[in-house]
Amino acid sequence: MEQNAQLLREMAAKAGAETWEDRKKNQTPQCKFGEDGICCRICSMGPCRITPKASRGICGADAHAIAARNYVRFIAGGTAAHSDHGREIAHVLHVSSRDGNYIIKDEQKLLNLAREWGVATEGRDIYDIAHEVAEIGLMEYGKPFGTLRFLERATEERRKLWEELEIAPRAIDREIATVMHMTHMGCSADAEALVMQGLRTGMSDGWGGSMMGTEFSDILFGTPTPKETEADLGVLEKDMVNIIIHGHDPAMSEMIVAASNQSDLIEYAKENGARGINIAGLCCTGNEITMRHGVKIAGNFLQQEGAILTGAVELIVVDVQCIFPALGPLTKCFHTKFITTSEITRIPGSEFIKFEPIRALDQAREIVKMAIDNFKNRGSNICIPQSKQKAVVGYSCEAIIKRLDTVTNSHVDDLGTYKPLVECLESGVLRGAVGIVGCNNPKVRPDYSHIEIIKELLRNDIIVVATGCSAQAAAKAGLMQKEAKELCGAGLKRVCELADIPPVLHMGSCVDISRILMLVTGIAKAWNVDIPKLPIVGCAPEWMSEKAVSIANYVVATGIDTYLGIEPQVKGSSQMMELITEGTRKLVGAGYIINTDPNKLVASIIEGIEAKRAALGI
Ligand code: SF4
Ligand code: MSK
C-alpha cells in the first residue's frame, strides 16, 4: 500500500499536482480551540473562545455550552446530508414508470413496505403503489404531527425507551431545524439537553432518511445479493476508457453503468482505440454500484486523488458528499474530465450536468461518450498501481439471512430468520459481531486502523459487517474474499465454510448502516434480548464526516456501544466528554468508547463483547 502511495506521490510531483498530504502539512498544527470544540462563532459578538483566562464567551456561554452546540450542529449537518440523499431517491421513485429510465426492480420489497405503511395494494398498478409510497416517504420529512414510521420496526423495548426519554424523532426536517434553533444565539446552553436532541436528530437519520435511502434504492435498483468483484487502483485498465463514479447517491451512476453496457457505446469506444469501457467506483456511490452490479471498487475516501494521479482516468462523475474540491485543480493537471451532477455539490473546475431523472439515461450516455472522446487525449505518463484484491460483496440483510440459514441446516423450520446466527452467538462459535464503518482521516494512516482492528476481531471469532470506506478498506486488503477465513479463529472459520461467506460482509454504503440497524434489531427480536445486552457493537476507526457523528448518535440511541478511533471535537468540555461516554449509557444503555490507538481500541472492543457475554451468562 505504501508502495502505491509512493508511486502516486511521484506522479503528483511530475504533474505539479498537490494532494491531501501536502495540504495536511500546511494545516499543521491544527487549531486547538477547534479540536477541543470551544470556539464559538454563532453570533457576530464573537468569535469567542474559551481560554484559561476567559471561561465564558461574551454572552456568558461556557465551554460545555459551546462544545455541545458545536457537536449537535455537526449531527444536524450529517443528518441533513444522509436524509436529503434519501429524499432525492424518494423523488426518483416518485417518477419511476414502466417505460421510463427508472423501473421497479424489487416489487416484493415495495409491496412489503406498502403493507407496512398501510397503502392499498390489491388490484393496483405497481407504479401507482410506488408513487403513493414515495409520497408518504416524502411526507416523513415535514409532517406536522407524530413520530417516524420506521420506528415501528424497532424492538418494543427501544420504542418504549425513546418515548419515555422524549427522543423518538418527529419529522426529519423538524429535528434538523430544532438543532439549528436550539443552538441559535440565546437559546439552549444546557449540554445535556443538547446531547438528547443530538440523539433524536441522529435517529431521524438512521431510522428515517437513511433507512428511506436504502429501502427505496433496493426497490428501484434491486436488493443486493452476493457477487464477486475486485478492489483497489489496480482495477483501472490501461487500454480501456476508465470512468470513475464517486459520491453517494446511486441514481445517476445506475444510468452510467447501464449506458456503459450498451453495445453502440462499447463499439464507439473500440472505434476510438480502446478495448472497452471500464467503470470503477469510489466512496459510497462505488459501494452502491458494486453491491448491485459487482462494479469494481477503485478505492475509498483518501484514494480519490490517487485515482486521478494514475493519469488513466478519462472522466470522473460525482453526485453528492465526500468529494474533494481539490478534484477541480487536480483534474486540470491531467486530461481527466470532471463532471458534477447535483446542485447540492457545485465545484469550481468541474463541468455541471444537472441530473434529471426523466432523461437520466440520455445524460449518462452523453457523459460516457464524453469519456470515450477523451480517451485519445490521455497522456503518455500513466501509472496504474498493480494492486487489487478479489472480494465478495452484496450482503443485504436478506442475503445474510439466506446464507446463515445454511449453517444450522437441521433447523429447516427456522429458514428465513436470524435464529441460526443467534445460535452461533449464544453457543460461542461466534463470540460477537462488530459493524465497522466510516471514513479515512488524515489524522491516521489511511486504512491502517480499519485493517488492524478487523484482523484482530477475526482472530477472536468475531464476525464483521462493514459499510462505507471501511468496507472498501477491507476489500482492498483481501478481507472480503472467502480465503480470508484462514485469518479467523476456529469458530468463525467454520461459520465461513458452512455458510460459504467471507468473514467480513460488505453491507453497502453509509446510508446502508440502516441495514445494520435492522440486522441487530432482528437478532434482538429472535434472541429476545435487549440490544444493549447483545455481544454486538459498532466501530468507526477513522471517521471524519458530520455524517459519521449523526450515525454514531443513532447507533448509540439504538443501544449499540460505539468505539471511535478519532476523538469527537468536544474535549474542551469535561461535561460533554462525560455525556457522550457514560451519560448516554445511563439513559439509552450505550455510549462511545474512544481510543486513538487501534490496538488498544480493538482490545477494548473484545473486552466489551466478552463482558456482555458474561453478563448474559453465555
Ligand atoms: Fe460568543 Fe456567545 Fe456569540 Fe458564541 S453566541 S459567539 S459565545 S457571544
Ligand atoms: S463515503 S462519509 S468518507 S465512509 Fe460514505 Fe467514506 Fe465517510 Fe464519505
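Note that these values count all heavy atoms, side chains included, but never hydrogens, waters or copies made by symmetry. Everything numeric in this text was worked out from a predicted model, so none of it was measured.
Between A484 and G478, the shortest heavy-atom distance links the atoms CB-O, 3.7 Å. Scanning all heavy atoms of the two residues, the minimum distance from N70 to G37 falls at ND2-O, 3.1 Å. When every heavy atom of G432 is checked against every heavy atom of L425, the shortest pair comes out as CA-CD2, 3.6 Å. Summarising the geometry of M577 relative to I594, their closest heavy-atom pair is CE-CD1, 4.2 Å, with the distance given to 0.1 Å. Here the shortest heavy-atom pairing between L587 and L165 reads O-CD1, 3.7 Å. Taking both residues in full, the closest heavy atoms of D461 and A490 are given as OD1-N, 3.5 Å, listed atom of the first, atom of the second, then distance.
Ion pair E567/K443 not flagged as a salt bridge, since none of the NZ, NE, NH1 or NH2 atoms sits closer than 4.0 Å to an Asp/Glu carboxylate oxygen. Of the charged side-chain nitrogens involved, none lies within less than 4.0 Å of a carboxylate oxygen, so that R149 and E152 do not count as a salt-bridged pair.
The side-chain contact (heavy atoms from CB on, under 4.5 Å) test with V570 is passed by exactly one of Q575, M576, H64, E35: M576. Of the options V537, V504, I453, T467, a side-chain contact (heavy atoms from CB on, under 4.5 Å) to I436 is made by I453 and by none of the others. Checking T584, V555, N553 one by one against Y592, the side-chain contact (heavy atoms from CB on, under 4.5 Å) holds for a single residue, N553. Under the side-chain hydrogen bond (donor to acceptor under 3.5 Å, both in side chains) test applied with R292, the options T223, T225, D218 reduce to a single match, D218. Of the residues K476, Q472, H450, the one that meets the side-chain hydrogen bond (donor to acceptor under 3.5 Å, both in side chains) test with N300 is K476.
For CD of E486, the number of neighbouring non-hydrogen atoms (other residues, nucleotides, ligands) closer than 6.0 Å is greater than 12. Around NZ of K390, the count of heavy atoms belonging to other residues, nucleotides or ligands within 6.0 Å does not exceed 12. No more than 12 heavy atoms of other residues, nucleotides or ligands lie within 6.0 Å of NZ in K533, so this atom counts as exposed by the packing criterion.
The aromatic rings of F150 and W117 sit tilted, their planes meeting at an angle between 30° and 60°.
N441 and E542 share no side-chain donor-acceptor pair at under 3.5 Å.
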Worked check of side-chain contact (heavy atoms from CB on, under 4.5 Å) between C322 and K547 = CA-CA 10 Å; C322 299; K547 291 177 291 173; 3.4 Å; yes
Test side-chain contact (heavy atoms from CB on, under 4.5 Å) applied to K612 and I536, step by step = CA-CA 9 Å; K612 283 176 193 275; I536 297 177; over 6 Å; no
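For the pair R87 and Y141, the distance from NZ or CZ to the six-membered ring centre is under 6.0 Å and the angle to the ring normal is within 45 degrees.
Between the side chain of S550 and the backbone N or O of E546, no donor-acceptor pair lies under 3.5 Å. With hydrogens and angles disregarded, a donor-acceptor distance shorter than 3.5 Å links the side chain of T562 to the backbone of I560.
In this structure, CG in N595 is found 11.0 Å from CD1 in I566, a value given to the nearest 0.5 Å.
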